[in-house]
Amino acid sequence: MEEYYVISIVTVTKRTGWEEIAEESLLKQTYKDFEYIVVTEEPLHFTKLSPKVVQAPKKTRISNLNASNNEALKHCNGEYVIFYQDFIVLEPDTIEKLVALATPDTLVTTLTRNPEGDEEDPRYLWVDGPRPCLPGEWEENVGLVSMKVLKELGGYDEEYDNAWAWNNVNVAERAEMLGCKFILDESNRPQLIHHKKEPELNPSLPLNGDFHAQRMADIRAGK
């Protein structure tokens, strides 16, 4: 009989050098009932964990993030998915805190700490605990959503791979239309590790801001 996992943790990446950070973080978690799925464009090296490593789909657009997120979801067995991006150190109770706030119709996110010297996350309201948040505040760098909601949404909109960013807001705003609620736990503070981000590597990369606004307007208009 196939083992059942309550939580599926997903990392989508096209980089290397973060694997040990993720291994150390996940091995220290107080919440143990999870599977770990990695979708990658590059060969990776794990020595302490044995995640399910999946080759990213063939890249057909500027980005491959949303297509890779959808590929990851095909391999998830859990009733909840936790997105865990690369180059992030988790506190030992990160997963436990996310799961404690989970309901099938609630999207939960964390308040990540920026690298040393960077400004504080603008979402910080000094609540220092769980608080309701706007859909646009739901970040998937370390965030939880039920598989029930993701299936009802049909996963990620791969048209967002024609540019960069806003894919998390698309998921959250569509989830809001299903009646979902949102929680940001300001006490749950994973640490971001400095690395070159996509806009730094490719300054000419277009952003999805205008496309997202039109996409959501079309959805709300029934198109």
Side-chain angles (χ1 to χ4, degrees), residues 5 7-23 25-26 34-46 49-88 90 95 98 107-110 112 135 138-175 190 192-193 195-202 204-209 211-212 215:
Y5 296 92
I7 300 296
S8 297
I9 299 176
V10 165
T11 299
V12 167
T13 186
K14 64 176 184 178
R15 296 178 279 249
T16 62
W18 55 271
E19 298 96 310
E20 186 175 357
I21 295 170
E23 287 184 309
S25 289
L26 292 175
F34 62 80
E35 63 176 354
Y36 186 34
I37 296 153
V38 178
V39 175
T40 179
E41 295 183 14
E42 298 289 339
L44 300 174
H45 183 60
F46 293 95
L49 285 178
S50 298
K52 182 171 186 177
V53 179
V54 179
Q55 181 62 40
K58 183 179 179 180
K59 187 175 180 180
T60 60
R61 295 180 169 94
I62 293 173
S63 174
N64 205 25
L65 176 59
N66 295 286
S68 295
N69 276 343
N70 285 336
E71 181 63 32
L73 296 178
K74 296 176 186 176
H75 299 272
C76 291
N77 299 298
E79 57 188 309
Y80 292 96
V81 176
I82 292 177
F83 293 99
Y84 172 33
Q85 293 181 353
D86 55 13
F87 290 102
I88 300 177
L90 304 179
I95 305 304
L98 283 168
L107 281 70
V108 188
T109 192
T110 57
T112 45
W138 183 77
E139 291 284 355
E140 66 175 35
N141 44 22
V142 185
L144 173 146
V145 58
S146 72
M147 183 59 78
K148 167 183 171 288
V149 167
L150 288 168
K151 285 182 176 178
E152 193 165 352
L153 294 176
Y156 281 76
D157 186 343
E158 295 183 15
E159 292 295 317
Y160 280 65
D161 282 339
N162 289 319
W164 186 252
W166 294 89
N167 58 316
N168 58 307
V169 185
N170 171 276
V171 166
E173 290 186 355
R174 289 191 293 131
L192 304 180
I193 303 300
H195 62 281
K196 291 273 189 180
K197 297 181 176 64
E198 197 68 28
E200 297 174 87
L201 296 170
N202 186 0
S204 63
L205 191 68
L207 294 175
N208 273 316
F211 171 79
H212 170 73
R215 191 66 141 193

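Just so you know, these numbers come straight off a predicted model, no measurement behind them.
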Backbone of [Y] reached by a side-chain donor or acceptor of [X] within 3.5 Å:
{"X": "Trp138", "Y": "Val108", "result": "yes"}
{"X": "Glu19", "Y": "His45", "result": "yes"}
{"X": "Ser68", "Y": "Val12", "result": "no"}
{"X": "Arg15", "Y": "Asp86", "result": "no"}
{"X": "Asn64", "Y": "Pro57", "result": "yes"}

Among all residues two or more places apart in sequence or in another chain, which pass the side-chain hydrogen bond (donor to acceptor under 3.5 Å, both in side chains) test with [X]?
{"X": "Glu23", "answer": "none"}
{"X": "Lys74", "answer": "Glu71"}
{"X": "Trp166", "answer": "none"}

Exercise. Are any non-hydrogen side-chain atoms of Phe87 and Thr13 less than 4.5 angstrom apart?
Worked result: no

Seminar exercise, completed: Hits for side chain to side chain contact (heavy atoms under 4.5 Å, CB included) against Ala22, two or more places apart or cross-chain, chain-then-number order -> Trp18, Tyr36, Tyr84

Exercise. Residues in side chain to side chain contact (heavy atoms under 4.5 Å, CB included) with Ser63, at least two apart?
Worked result: Leu65, Asp161, Trp164

For this session: List the steps and the verdict of side chain to side chain contact (heavy atoms under 4.5 Å, CB included) for Asn167 and Asp157.
Result: CA-CA 7 Å; Asn167 58 316; Asp157 186 343; over 6 Å; no

For this session: Any salt bridge (Lys or Arg N to Asp or Glu O under 4.0 Å) involving residues 139-154? Give me the pairs, sequence neighbours left out, ordered by first then second residue.
Result: Asp105-Lys148

For this session: Might you confirm whether atom CD of Glu159 has over 12 heavy atoms from other residues, nucleotides or ligands at distances under 6.0 Å?
Result: yes

